[in-house]
2 protein chains.
Amino acid sequence: MSRVDKSAIVRAAEEVVREKGARKLTLDAVAAQCGLSKGGLIHHFRTKQSLLKAMLESAIAREDASAEACAKAGGDLLTSRLSSIFELMEDDEGLPRSLIAAVAEDPALLEPVKIKEVELRSEISRTYKDPELAQLLILAAQGLFFGRVLGVVEPEDPMLDRLRERLLMLSTDLA
Amino acid sequence: MSRVDKSAIVRAAEEVVREKGARKLTLDAVAAQCGLSKGGLIHHFRTKQSLLKAMLESAIAREDASAEACAKAGGDLLTSRLSSIFELMEDDEGLPRSLIAAVAEDPALLEPVKIKEVELRSEISRTYKDPELAQLLILAAQGLFFGRVLGVVEPEDPMLDRLRERLLMLSTDLA
DNA sequence: ACAAACCAACCGGCTGGTCGGTATCTTAGC
DNA sequence: GCTAAGATACCGACCAGCCGGTTGGTTTGT
């Protein structure tokens, strides 16, 4: 066993980005955050890129899990996805932070995100009578999400709740 | 007179980000791009932060000008804003690139963007009977916009045109 | 004993920014 | 109109700190 595992390192990296910004996401900073030497950190992730990749994968997995949980609870595709986006927003901002860090470092790292997105779109096209409108609802949620990522939307903004309500309403109308 | 002016430097910086990514936006790279030595560049922008700031301001000004032009042509507030977002997307990606570079370097640089956003929101609340729905339309366009910034939406995607049509339709319905 | 986990010192390249100088332009006084 | 003087634009060598990654070794678990 090890004192820390990979997921703890990923969390530490997210914490660093949240506290100091994507530009300050250095191996030293991550190592310090999880009480490891840089050498120890490198033992787990041989390059910084591989750490970024793990951060993205972890965030994607979390979003998928969240959407699936909502789907299990009876929500349709659109509602599940919308809920998971909002959950990510309220939650910990792990994905957004990872996104910024990754895209700044190397845009190619976003490939898995892109693939997920394309899958979602085709799934929507297959499921809904009016796929464009369904798309737009997802996009609106994502727009809000990015607004929070960039810090242009305050977390406490009451408008946020109203918009979520409205989106979920429109979503059930569509089903 | 000078061989190059500040706006030329800003354009060069955008070009660097577009070609090499936000992480490679270095003073040396920008200097090379506009045929200047680093010393010459520093003469115009004393720090990298001030260059980033100028990039953001330039991008914001461009978007405002675009929206205003559309408003002059008879569009209402929402339609104008939607059009300007789509125009930015097709155009040169100056703003998106600047956004990424800035947020990676120092999130505080986004303050002016945030202010603009808040203004727009209150303007929408004042103008429309159903401000939430108007908000959602803007957000959807922004979501699309960020999708392009991150490279998860292809520029040639035919869906893009359909979504734009749809958004503009919904916008005129709302007016 | 063997491997995996971890550490601390170190290195080379990059990057933001400085510095001392040169070239080009502007202005003033004659 | 000409020139001296000051300002502005620009150059390129240089530096100090940072950062990703290496290495050679020590500890820890089995």
Side-chain angles (χ1 to χ4, degrees), chain A residues 1-57 97-98 100-110, chain B residues 1-57 97-98 100-110:
Chain A
M1 268 289 270
S2 51
R3 290 205 333 232
V4 304
D5 65 345
K6 296 205 174 198
S7 69
I9 294 176
V10 167
R11 281 195 301 274
E14 287 169 358
E15 189 60 24
V16 170
V17 179
R18 172 162 42 239
E19 283 177 3
K20 316 204 183 155
R23 192 66 194 289
K24 297 290 182 62
L25 179 67
T26 69
L27 295 182
D28 288 279
V30 174
Q33 178 69 35
C34 59
L36 219 57
S37 70
K38 179 155 59 171
L41 170 60
I42 284 292
H43 175 75
H44 290 280
F45 293 99
R46 296 245 281 277
T47 67
K48 188 182 178 182
Q49 277 220 5
S50 71
L51 173 57
L52 265 320
K53 197 169 153 236
M55 289 173 72
L56 275 183
E57 281 165 2
R97 302 302 175 168
S98 305
I100 293 180
V103 79
E105 194 80 19
D106 176 11
L109 286 168
L110 290 189
Chain B
M1 272 284 274
S2 53
R3 291 203 335 233
V4 304
D5 66 346
K6 295 206 173 197
S7 70
I9 295 177
V10 166
R11 281 194 301 274
E14 287 170 358
E15 190 60 25
V16 170
V17 178
R18 171 161 43 239
E19 283 177 4
K20 314 200 183 159
R23 190 65 195 290
K24 296 291 181 62
L25 179 67
T26 68
L27 295 181
D28 287 280
V30 175
Q33 178 69 35
C34 58
L36 220 56
S37 69
K38 180 154 60 171
L41 170 60
I42 283 292
H43 175 75
H44 290 281
F45 293 98
R46 296 243 281 275
T47 66
K48 189 181 178 185
Q49 277 220 5
S50 71
L51 173 58
L52 265 319
K53 194 168 155 239
M55 289 173 73
L56 275 183
E57 281 166 2
R97 302 300 177 169
S98 305
I100 293 180
V103 78
E105 195 80 20
D106 177 10
L109 286 168
L110 291 189

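All chains are named by letter (A, B, ...) in the order of the sequence lines, taking the proteins before the strands, and each is independently numbered beginning at 1.
- In summary, of the residues considered (A:Val30, A:Val10, A:Leu52), a side chain to side chain contact (heavy atoms under 4.5 Å, CB included) with A:Phe45 occurs for A:Val10 alone.
- Per the geometry, CD belonging to B:Gln49 stands 13 Å off C1' belonging to C:dG17, to the nearest Å.
- With rounding to whole Å, A:His43 atom NE2 is found 15 Å from D:dT23 atom C1'.
- Contact of A:Lys38 with D:dG20 (side chain to base): a donor-acceptor pair of N or O atoms is detected under 3.5 Å.
- Within the 4.0 angstrom heavy-atom criterion, no nucleotide atom of any strand lies near A:Leu51.
- Rounded to an integer number of Å, the gap from NE2 of B:His44 to C1' of C:dG16 is 18 Å.
- Between A:Ile42 and A:Thr26, the residue anchored closer to the 5' end of DNA chain D is A:Thr26, taking for each the nucleotide with the nearest heavy atom.
- Two residues, B:Glu105 and B:Gly39, neighbour DNA chain C, and the one matched to the more 5' nucleotide by heavy-atom proximity is B:Glu105.
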Quiz item: Can B:Leu109 and B:Lys53 be said to form a side chain to side chain contact (heavy atoms under 4.5 Å, CB included), step by step?
Solution: CA-CA 7 Å; B:Leu109 286 168; B:Lys53 194 168 155 239; 4.3 Å; yes

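- Contact check on A:Glu15 versus A:Arg18 returns a salt bridge, with a Lys/Arg side-chain nitrogen under 4.0 Å from an Asp/Glu carboxylate oxygen.
- At the heavy-atom level, B:Leu36 lies under 4.0 Å from the strands shown only through sugar-phosphate atoms.
- To the nearest 0.5 angstrom, B:Leu36 atom CG is 11.5 Å from B:Asp28 atom CG.
- A:Leu52 has its CG atom 10 Å from the P atom of D:dG21, to the nearest Å.
- As rounded to whole Å, 8 Å separates atom C1' of D:dG21 from atom CG of A:Leu27.
- Spacing between atom CG of B:Leu41 and atom P of C:dG17 amounts to 10 Å, rounded to whole angstrom units.
- Across B:Ala29 and B:Lys24, no two heavy atoms sit closer than the pair CB-O, 3.8 Å.
- As a whole-Å value, the separation of A:Leu25 CG from D:dC18 P is 16 Å.
- The side chain of B:Ser37 sits closest to D:dC11 out of D:dC11, C:dT15, C:dC6.
- Going from atom CG of B:Asp5 over to atom C1' of D:dC10 covers 15 Å, rounded to whole Å.
- Minimum atom distance to the side chain of A:Asp28 is reached by D:dG20, of the listed D:dG12, D:dG20, C:dG17.
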